[in-house]
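To start, the structure itself, in structure tokens.
Below, all heavy atoms of this structure are taken into account, side chains as well, without hydrogens, waters or symmetry copies. Both ligands and their constituent atoms are indexed starting at 1 by order of listing.
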Amino acid sequence: MEILAHTRYTKRLMLLTTTVAVLVTFILLMTYQYVSGLQQLEEELEAQAAILGTNSAAALAFNDQKAAYENLTAIRKTARILGAALYETDGNLFILIDDPESIFPDSINPLELDTPPRPRVDTGLFTRLLRVEVMQAGVRVGSLVLLATYRPLYTNLLIYAVGLVLIGLVALILSRRFTARLRKKMAITEGELEKMALYDRVTGLPNRRFFEYELKKAVNRIQREEENAALLMIDVDDFKKVNDLCGHATGDDVLQMIANRLKQTIRADDVLARIGGDEFAAILFRPGDPENVNAIAGKMIEVISRPFPTEPIPSHVGLSIGMTMMPNDSDDPTTLLRWSDMAMYEAKSQGKNRAQFFSAEINRKIRSDLQIEAGLREAIRTDAPETGLYLAYQPQVCARTRQIVGFEALMRWIPPGGEFVSPAEFIPVAEKSGLIVDIGAWVIRRACQDIAALRQQGINIPKMAINVSPREMTRGNALVENACKTLLHFGECAQRIEFEITENALMAENGADVLTAFRNAGFTLAIDDFGTGYSSLGYLRRFQVGALKIDQQFVHRLPDNSEDAAIVSAVIQMAKALGITVVAEGVETEAQAEFLTAHGCDILQGYLISRPLPLAELVTFIHNHAPGTMESPCD
Ligand code: C2E
Ligand code: MG
Ligand code: MG
């Protein structure tokens, strides 16, 4: 909008300056022409008067009227002098030629030398009388008065002005002709620039800038007309998959198809825009109550859930939609955008492919997430004991002998003055904010420090399992390099460390490279929460996964729940066939332990053995449990 106004303003300014420049040039040229023409004319008149006067001197001196008359007839050869008269020294008329309008006076004042006499009748605008004194041998013998016309000067000026205007017009016509094509091209470019500034190239929809303008307009409109409207923030779930599998060109095609399908779900006067890579936004006018808005959002999700015809395989995506009502939620565009965004993120974290209205609860959760993030950031930065961040260690035991075979390091956080915050709460916040990268580095460092502290007390840990979040995996080799550096710093060996990653992280982008790098560095790998994600046997074998941890949800109802019993025994058999160690998580009862042991599970972890313990309690546990029975792979 501002661009359009600016372009219009620039055009007007250019027209104005050009007009002023042309006018000034015209006035300057005309003035110059007038001044120089007048000067030239007056010089010529003076010269002619001087010649006539000299020629008439003798005739005046000898009172020869005939000779004087003949002399004066010379004026007929010049268009600038219309009439002439000679006066005697006393001022009386001596001879007169060509005075049809009786302009020349009968006498002139002999004393007013070289001063034009007063005409008998008005000479008009273009003519006037000139007077020169006639001298003979240095003595004044009379006066010559001429009736001079300036008409030729003005005629010339007029012709000059007309000529100038004509030349200007011709130049204008020619330049218009010559520049017409250029202007056309410029107009197209201008149009394209305008389009680029306000519309999205791929879908042809308004872009974020235009959308924000439309939202401001919508807010004004609903205030003026006392109606309501809804703002929808629409994020395409897993769009990256389409780009990765089918390429960016196909990704653009899918975006266009998404835009077309979304358009079909809204009214013609509603607004749909693409405001980011895989983000759309819509304003629905007069939608009625929130139920209707929810229904439209549902329709959007439905139309997008149909597969998109792409090569090599059809693409499936979903939508996460955040919704706010105007003016009920707010009538401030910035707040509406922020709240719809929050609702959209909530829809995403609720499992995607759904629509969610903004609510006070979402606001509260986001505030608390921000608080958690700030507290964690500070705790990691200072790394002081009073920040309440530490690692608890949960023992893992051999299912048959119950000897300790390792520990899993689990983060614990009791913020200063606050209550225990579960990692299930703060790890997702850290993942969302990216803080998990620093947290991951802190965990490895702290685990190494604690292993060293235990060694000082004569305890050699056989294995330490450390959790790696999917977001950390995206760091690629840097993650592995950092782990190696820390281990080197503490003189720790890689074989003692087992990294636990989830199935989904295994399947994620560059997951394969990171796993290979981990293995090449000598670390062992375990698949955490097995059964809750998506992974294939092929992957487990390909990455030479060392261990597989059956998720506690399958252990929980053992041994009575036949379905879980079947799943667990099948997983154990499969892992055995691949030569992978099986760890059962969340073992709380002897019955569960017995079932698992009977079906070939290798390692047990759970409250039955011990809860995760702070370092000091861990030492006691180890001493009480089985002193001297631990075997370390590095010793
Ligand atoms: P996880 O890696 O699957 O860890 C096992 C979780 O089960 C732990 O919860 C543990 O306290 C709990 N648990 C162990 N035995 C039992 C049992 O017998 N019964 C029940 N009901 N629960 C049991 P926690 O410590 O709350 O951790 C939750 C999740 O947070 C972990 O699941 C892991 O995904 C994540 N997490 C914890 N520490 C870290 C960390 O240092 N880094 C990363 N990236 N994630 C971590
Ligand atoms: Mg774990
Ligand atoms: Mg687990």
Side-chain angles (χ1 to χ4, degrees), residues 372 376 379-380 389-397 406-414 419-450 463-475 479 482-483 486 497-506 508 514 524-533 535 545-558 568 571 581-593 596 601 603-614 617-618 621:
I372 288 180
L376 266 183
I380 293 288
L389 209 58
Y390 64 95
L391 287 179
Y393 298 96
Q394 186 170 38
Q396 297 177 338
V397 298
F407 299 89
E408 177 175 4
L410 292 159
M411 272 188 97
R412 294 292 173 261
W413 186 35
I414 307 167
E419 287 176 3
F420 172 82
V421 186
S422 158
E425 196 178 336
F426 70 74
I427 293 288
V429 176
E431 283 193 327
K432 247 192 257 170
S433 63
L435 193 59
I436 194 72
V437 172
D438 296 333
I439 287 190
W442 178 88
V443 171
I444 297 177
R445 224 171 35 240
R446 178 56 66 89
C448 286
Q449 275 170 6
D450 289 350
K463 181 189 78 184
M464 180 64 83
I466 291 176
N467 292 284
V468 178
S469 99
R471 173 84 185 252
E472 282 179 86
M473 300 280 284
T474 57
R475 286 184 69 214
L479 169 67
N482 178 64
T486 312
I497 308 293
E498 181 173 86
F499 283 105
E500 292 189 3
I501 55 163
T502 57
E503 283 173 281
N504 294 346
L506 180 75
V514 183
T524 48
L525 296 172
I527 302 299
D528 205 353
D529 306 339
F530 188 79
T532 56
S535 64
V545 168
L548 187 154
K549 298 183 78 175
I550 300 174
D551 191 68
Q552 40 184 291
Q553 63 169 296
F554 302 105
V555 175
H556 191 60
R557 288 179 293 183
L558 290 180
V568 168
V571 168
T581 305
V582 182
V583 184
E585 286 187 303
V587 183
E588 292 184 351
T589 65
E590 272 301 342
Q592 288 166 348
L596 288 159
C601 176
I603 295 169
L604 305 179
Q605 179 182 349
Y607 295 167
L608 176 69
I609 320 301
S610 165
R611 286 180 175 268
L613 303 167
E617 291 174 36
L618 182 69
F621 174 84

Start with the C-alpha distance between Ile372 and Trp413, add both sets of side-chain angles, then the distance that settles side-chain contact (heavy atoms from CB on, under 4.5 Å), and finish with yes or no. CA-CA 10 Å; Ile372 288 180; Trp413 186 35; 4.0 Å; yes

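Note on Glu408: its N/O/S atom closest to the Mg ion (ligand 2) is OE2.
With no hydrogens or angles considered, no side-chain donor-acceptor pair links Asp450 and Tyr390 at under 3.5 Å. Between the side chains of Gln552 and Glu585, no donor-acceptor pair is found at a separation under 3.5 Å.
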What are the atom names and distances for all N or O pairs under 3.5 Å between ligand 1 and the protein?
from, atom 1, to, atom 2, distance (Å)
ligand 1, 2 (O), Glu408, OE2, 3.0
ligand 1, 2 (O), Asn467, OD1, 2.9
ligand 1, 2 (O), Asp528, OD2, 2.9
ligand 1, 3 (O), Asp529, OD1, 3.0
ligand 1, 3 (O), Glu585, OE2, 3.0
ligand 1, 7 (O), Gln552, NE2, 2.8
ligand 1, 15 (N), Gln394, NE2, 2.9
ligand 1, 18 (O), Tyr607, N, 2.8
ligand 1, 19 (N), Glu588, OE2, 2.5
ligand 1, 21 (N), Gln552, OE1, 3.4
ligand 1, 21 (N), Glu588, OE2, 3.2
ligand 1, 22 (N), Gln552, OE1, 3.2
ligand 1, 22 (N), Tyr607, OH, 3.4
ligand 1, 25 (O), Arg412, NH1, 2.9
ligand 1, 25 (O), Arg412, NH2, 2.9
ligand 1, 38 (N), Met411, N, 3.1

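Counting only residues at least two apart or on different chains, the side chain to side chain donor-acceptor pair (under 3.5 Å) pairs with a member in residues 433-444 are Asp383-Trp442.
Considering Lys463, Lys549, Gln394 in turn, Lys549 is the only one that fulfils the side chain to side chain donor-acceptor pair (under 3.5 Å) rule with Glu408.
Between the side chain of Gln592 and the backbone N or O of Glu588 there is at least one donor-acceptor pair closer than 3.5 Å. Side-chain atoms of Glu498 do not come within 3.5 Å of backbone N or O of Ala526 as any donor-acceptor pair.
Applying the ring-ring contact (aromatic ring centres under 6.0 Å, His included) test to Phe499 and every residue at least two apart in sequence or in another chain returns Phe518, Phe523.
For the Mg ion (ligand 3), the count of nearby protein N/O/S atoms, taking only those under 2.8 Å, is 4.
In this structure, Arg412 and Pro612 approach most closely via the heavy-atom pair NH2-CG, 3.3 Å.
Residues Val468 and Leu479 form a side-chain contact, since some pair of their non-hydrogen atoms from C-beta on lies under 4.5 Å apart.
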